[in-house]
Structure formats: C-alpha cells, structure tokens
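Quick notes on the structure that follows.
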Amino acid sequence: MNMKKLSIIITAMMAVCIMQSKAQPMPEEIKMNQFIKGLMSKMTLEEKIGQLNLPSAGDFTTGQTSSSDIGKKIVEGKVGGLFNISSVAKIRSIQQVAIEKSRLKIPLIFGMDVIHGYKSVFPIPLGLSCSWDMALIEQSARIAAQEATADGICWTFSPMVDISRDPRWGRIAEGSGEDPYLGGEIAKAMVRGYQGKDLKASNTMMACVKHYALYGAPDAGRDYNTVDMSHQRMYNEYFPPYKAAVDAGVGSVMASFNEVDGIPATANKWLMTNVLRDQWGFNGFLVADYTGINEMIDHGMGDLKTVSALALKAGIDMDMVGEGFLLTLKASLEEDKITTTQIDDACRRVLEAKYKLGLFDDPYRYCDEKRAATEVYTDANRLQARKTATESFVLLKNENNILPLKKNAKIALVGPLSDNRLNMCGTWTVAGDFEKAISVKDGIAMVNGKPGLITWAKGSNIVSDSLLEARIGMFGKATGWDKRPTSVIISEAVKASENADVIIAVVGEAAESSGESSSMSNIELPEIQRELLKALLKTGKPVVMVLFTGRPLALKWEQENVPAILNVWFGGSEAGAAVADVLFGDVVPSGKLTTTFPQNTGQIPIYYNHKNTGRPLPEGQWFSKFRSNYLDVSNDPIYPFGYGLSYTTFSYSDITLSKNSLKPGEKIEVNVKVTNTGKSDGKEVVQLYIRDMVGTTTRPVKELKGFRKIDLKMGETKEVTFTVGVDELKFYDYNLNFTAEPGEFKVFVGGNSRDVKEASFVLTE
Ligand code: BGC
C-alpha cells in the first residue's frame, strides 16, 4: 500500500472516530439524563404538568410563604418557577417550601427581567448597541449576572434581540437596532456574559433569548400587532440574532406575542420546533411570554384548553402566568388531544435547565445572604456602568465645535429632564433604584466641581398634555408636572440663561415613552419642547441639546436649527455623570447609530439595508417622476445607520484588496488606512459592508459584514484589515438554501453606512 492510500485510510478512520465521539453524549450529559429519567419515573402526571407552570409571584412576606396561594401550589408540586422576586431572604424562603414541603423536593427556578443591568443599571439595550463594543457589552451582562445572582436570581429574560426598523414601536429601546449581523454579534456577547463558561457557578445565570420571533415588525409599529413577512425576509433579516444566541448556547427561548404566518408564534410548530430545534439544534427550554398562551383565545385560536394544547404541541415547555397548562393539559391528554410524550418532553427540558444551573446539587446555590452586601451596586460596577454609558452616546451634530465645554464655563441648565433622577435608567429596570440615579444636574456638578457655575430652570413640561404625561410617567418614573403656564416656564429658562456662556437643554422622551406597550404615532420632539428650544436659540447663546430617548426621533427641525446635539439614550443609574464626562471632554464620544433616524414619521420603515427596486432614485436626487420616492420629502434619513461624530475627525484611505477574485475556500483581505485628522485622541468604528450585485433573488444595497472599533491618537494612522470569505457572502435563497452565488460583489468601508470607500471583486465557481 502506498503512502497516499495509507494516509487516506487513516484520515477516513479519524473522521469516523470524530463523528462517533461527537454522537456520544458527554459524561455530564449521561449523568443528567440518568438523574432526570430517575426523577421523572417518580413523578405523577400532575407533578409533571406542575413543572411547566411559571406563575407570577404576587406579593408575600417571607414568614407567610407556605400559607400564601402560591405557597400552597408549591407544596402540591404545581409550580416550576417564579419570576420578578428579588432578595435572597424571600427567594430562600420560597425555595424552602419547595424543598421541605413538596413531595419530590424539586427546586424552583427564579427568573427576572434583568434587561440592562440589575442595581447598577447600564444603558438601555439600544444605547448599549451603539457602543459597537462587544467586550463592553459582554461585561455589562456579566456584571448584571453577578449582581442578580447575588440577590437569588438564576434566570434572566434577556437578551431581547428583535430586529426593528420601526421607531414607532416602543420596544425598539430594548433591542439592538436594525441590523441582523450586528444584532447577532451582540446576542452572542450577551449570552456569553450572562451564562459565562460554567452555568453551575453561583454568579452566572441562564439567559433567555426573546421574543421569538419577529416581534419587532408589528404592523404600524403598534405593540402586539400582526406581523406578516416572507420566509426570505425572516431568514435573512430577522432570524439571525435568535440563531446567533442559539449558536452561543443560550439556555432558554421566549416565544413572542405576535403571529407568524397567520399562527401565533406560541402555537407555531414550524417556528418553535422545525426551525428552532430541528434546523438550529436548540436543546434548551421554551417559555411562553406573559399570558401568551391565554392570549391566543383573543387571537381567535380557540378556548383555553385548545390553545394550551396547541402551545404544547408546537413546542412550548413553560407557561408564563396564564396557567392554561396547569388547568387543561390533563383533560387534553385524556381526550387524546396531546400525548404523554409531549408532556414528558416539556417536563424534561424544564428539569434539565434546573440541573444545568446546579439547583439539584444545591437549591440554595444562589441564596448566599452575604453576597449582596459586597457584590451589588458596588463602586466598581457603577464605574463600569458610567464608562459604558459614555460609549453608548452618539454625537449627532457639533457645529463650530461647541463641544466639549470648558469646565469653567457658566452654564444655564434647562429642560424637563435636566434635574430628573427617576427617568435616567430608562425602561425595563425592575431592580433599579431610580431615586439613587445620577441626574444630569448632579453629574455636571460632580464633573466640573463647580455647582456655583450652573443656573437651572425646568424650561418646559415633557409634553403639553397632562394625561399623556401620566401615561409616560408610569412605574414611579414621574417627570414632574409644572402647573404654571408654558410661557411662564419658558421665560424663566430664558432668564436663567442671561449670564450663561452656554445653554444645555436636556430634552427628549420620558423613560416610559418607549418600552412595552409604548408605541407612538408621531416620533417628533414634543412641540412644547421645541418651543423651549426656539426661545433658547433666540437668546443667541450657543445651545447644546442633550437628548434622552428610547427610540430614533425625527429630528429634522433640530438638525437644521440647534448647533449641537448629543443623543444619550437612557444611560442607566450613572447616566448624569456619564453625560457630564462627555460634555466636558473627559471622554470623547464614539457611539454610532444602530438604527436609522428618519426625517419624519411617514418615512418609516426606513433602513440602510433596503433593496434597490426596479426604479431606484439616483443618489443625491430628491424627486424624479416615476422613481421610487416621495413628493414631499427626500428618501434620505436625517442620520444614517452607523453614523456618529467625535470631537476629532477621521479620514479613510481608498480600499486595497488582496485579490480581485475569490474561489470557494479562499479569502480576500480588505484593507484601509484610517487616520485621526483632528485635534484630540478618539475612537472610530470602522464598518465593512458588501453588496451582492446579481442574485437569483434581489439583494440589499448594503449589508454590514464586519466592524472594528479602534483607538487613534491625534495624528495617528492605523491599518484595518477585514477578511472576507464565502461565508460572508452567503444568504438564504428562494428555496432557503444558505448559499453564496458567483458573480460581482462590491465592498464598502467607512465610518457610517452612507459615507464609504468602495471596491469590487468577483466570486467564481
Ligand atoms: C414581556 C417580556 C417579559 C415578560 C415578563 C412580558 O410582558 O413581553 O419581555 O420578559 O413580560 O416580565
């Protein structure tokens, strides 16, 4: 036998060995399977169904846990877990009921919406995404897990990865914007941060990617509304972040409230089983969203028994709050509407999650009373939250370099959010202590150390309608209603500006203007705040607009009239200090938008990775008859995806490619030199886009395929190299095959999706 043949045989044998070893479950998995099999063999049908029940905790004092309604259910084995309870004392006392009083002593799993930090609150996810810094994002989730587990929680309903192109939808605040690739990278970073390397460690927690699927695309941007889209769009544009979370090993998935292909996601077997489990290999457990099963009655899918059976059959393992599983699954089984195997599978997956978290080894693993005192809301965590917030801010405009401000400048600080702590954390902060958050007024005084240099006035209410103000001041996040006439409040602010060198107007939305069930039909700055800005501009003093918002706003007027605009989203518990860090230049802003800002509400949905159409409007034009455009507004956004300024400037060299054609298996290197051409050190997010020029289906005009955040000292040049292979060129074709098609590709590199350098290459067979 010659050497070549021998080596082929050896390689083949090795391949067989690898395949076999892959198919063999790991020893830990065998142990888990045996343990759960043994446990399930002792469980009654009722106890199995009980594991699928996730009621809301309600309120109870620790001493009365077992006599409360929930307590009784726990004793009977009718509860699998609880959520949104914090404090080790409470969680321990509830766990004790399960361990000491229920027949099989199965521990409960404790969940919570730990969305952007725990007590040390980080920027809202949309803000966080604008940092484009995966290490920082991962670290924010790591700290959240550290703090939440110190308070007894081991399961978080995060990351929320719903792609959204609709800023009317309030929950755009909770996601990472409009791009599937960036969304996927962030999903992975968050899962890594929460789950760490060892789920059993007492400071890591199980993540739950949500809301599967397509929740960010409701008709008209109205929360919970109907979603209808092609499978191609799902696979190419909306699914990637969920899949990325699954690839990163996320332990659980939450179903979305909306329908998909005419079937509510919660009952959609194709979505929950065929795609998620069979195609993507997800092996964790699936939880319905809050009363998501019951809501299928209103969707028109049948009565509680019917919809509960539909959800189980589709692949849902745990029923959040609604108790449809608890109340009806037994009857459905007796009527042969569902099978024992379906109940067993769901029960097994819930038990596996508990096993993976180490709860069977030690049900009190997350109940160390001492930890909270030293691990929650620590100086180090708060400092990290502050640093992270500065990285999330996006400088939208800075005429004549008004920013950064001198620390000895006399400042008039005005605006409805200038002296407000309660709104700093933004939406979805279950554990945050809003009273302790740092307001912009506190932050400025902290950073310039000269409270005497600030004159303050409220300037205006957040909106002119007091009923709307009440709707957006929910969950203890009041904006403070000033009953005086608007003209009086505004003149007071103008007066306060008299001796100032600069006016800082802190305006925008309230924390709860975005978030769940907070859709808006008009996304412009409230008129009353514009009136304030107009009065301030009339003084002739430089005006810096600090914008709090949970969604892109239509800032056409502001862009045209206000000289400097710093978008600070909702920066979390340390927001005000972070705002001051950036205003005074201790930190140079480097955030870049992850969602397009439209000129007006009517342009929605507007997103950078759109298709070309058969009648595209030539670039730089406004209106051309019989082209795809509007009569009354140009097609341009006010700020494109990827956009954000710095206190310095950057220039890009032309692109050089390592070659002009690519075969499967090969890679091309895409090279640019980026130079800091301005007057301070800074950071730049260098972005790589491609365009597939010809396809068997139409392809987007640009798609993000890579990015690098680099530090550049004043005058410094760095070379940035991206590697593009066939994988970066693949997409789901008409038959949903993930494939790259030969032909011409353009490649673009730049500091945002609009202003780019361009080159092209060919993919050959
Ligand atoms: C939201 C979820 C959340 C759940 C539990 C629902 O209303 O849609 O995102 O995790 O409540 O609080």
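Each ligand, and each atom within it, is numbered from 1 in the order the structure gives.
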Give me the one residue out of Arg171, Arg471, Lys477 that meets salt bridge (Lys or Arg N to Asp or Glu O under 4.0 Å) with Glu512.
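Between Glu512 and the candidates, salt bridge (Lys or Arg N to Asp or Glu O under 4.0 Å) is satisfied uniquely by Lys477.
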
Would you call the rings of Phe239 and Trp270 parallel, tilted or perpendicular, where under 30° means parallel and over 60° means perpendicular?
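The arrangement is tilted - the two ring planes meet at 30° to 60°.
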
With Ser517 via side chain to side chain contact (heavy atoms under 4.5 Å, CB included) - residues at least two apart:
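Counting only residues at least two positions away or on another chain, Ser517 forms a side chain to side chain contact (heavy atoms under 4.5 Å, CB included) with Asp223, Tyr224.
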
Suppose we screen for side chain to side chain contact (heavy atoms under 4.5 Å, CB included). Which residues come up paired with Asp228, at least two apart in sequence or across chains?
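If we apply the side chain to side chain contact (heavy atoms under 4.5 Å, CB included) test to Asp228, skipping adjacent residues, there are no hits.
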
I need the contact residues for ligand 1: any residue with a non-hydrogen atom closer than 4.0 Å to the ligand, ordered by chain then number.
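Residues Phe83, Asn84, Asp113, Phe157, Arg171, Lys210, His211, Met254, Phe257, Asp289, Tyr290, Met320, Trp428, Glu516 each place a heavy atom under 4.0 Å from ligand 1, listed by chain and number.
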
The criterion is ring-ring contact (aromatic ring centres under 6.0 Å, His included); which residues satisfy it with Tyr212, sequence neighbours excluded?
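Testing Tyr212 for ring-ring contact (aromatic ring centres under 6.0 Å, His included), a comparison that skips the adjacent residues, returns Tyr242, Trp280.
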
With a sphere of 6.0 Å drawn around CE of Met474, does it hold more than 12 non-hydrogen atoms of other residues, nucleotides or ligands?
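Incorrect, the count does not exceed 12.
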
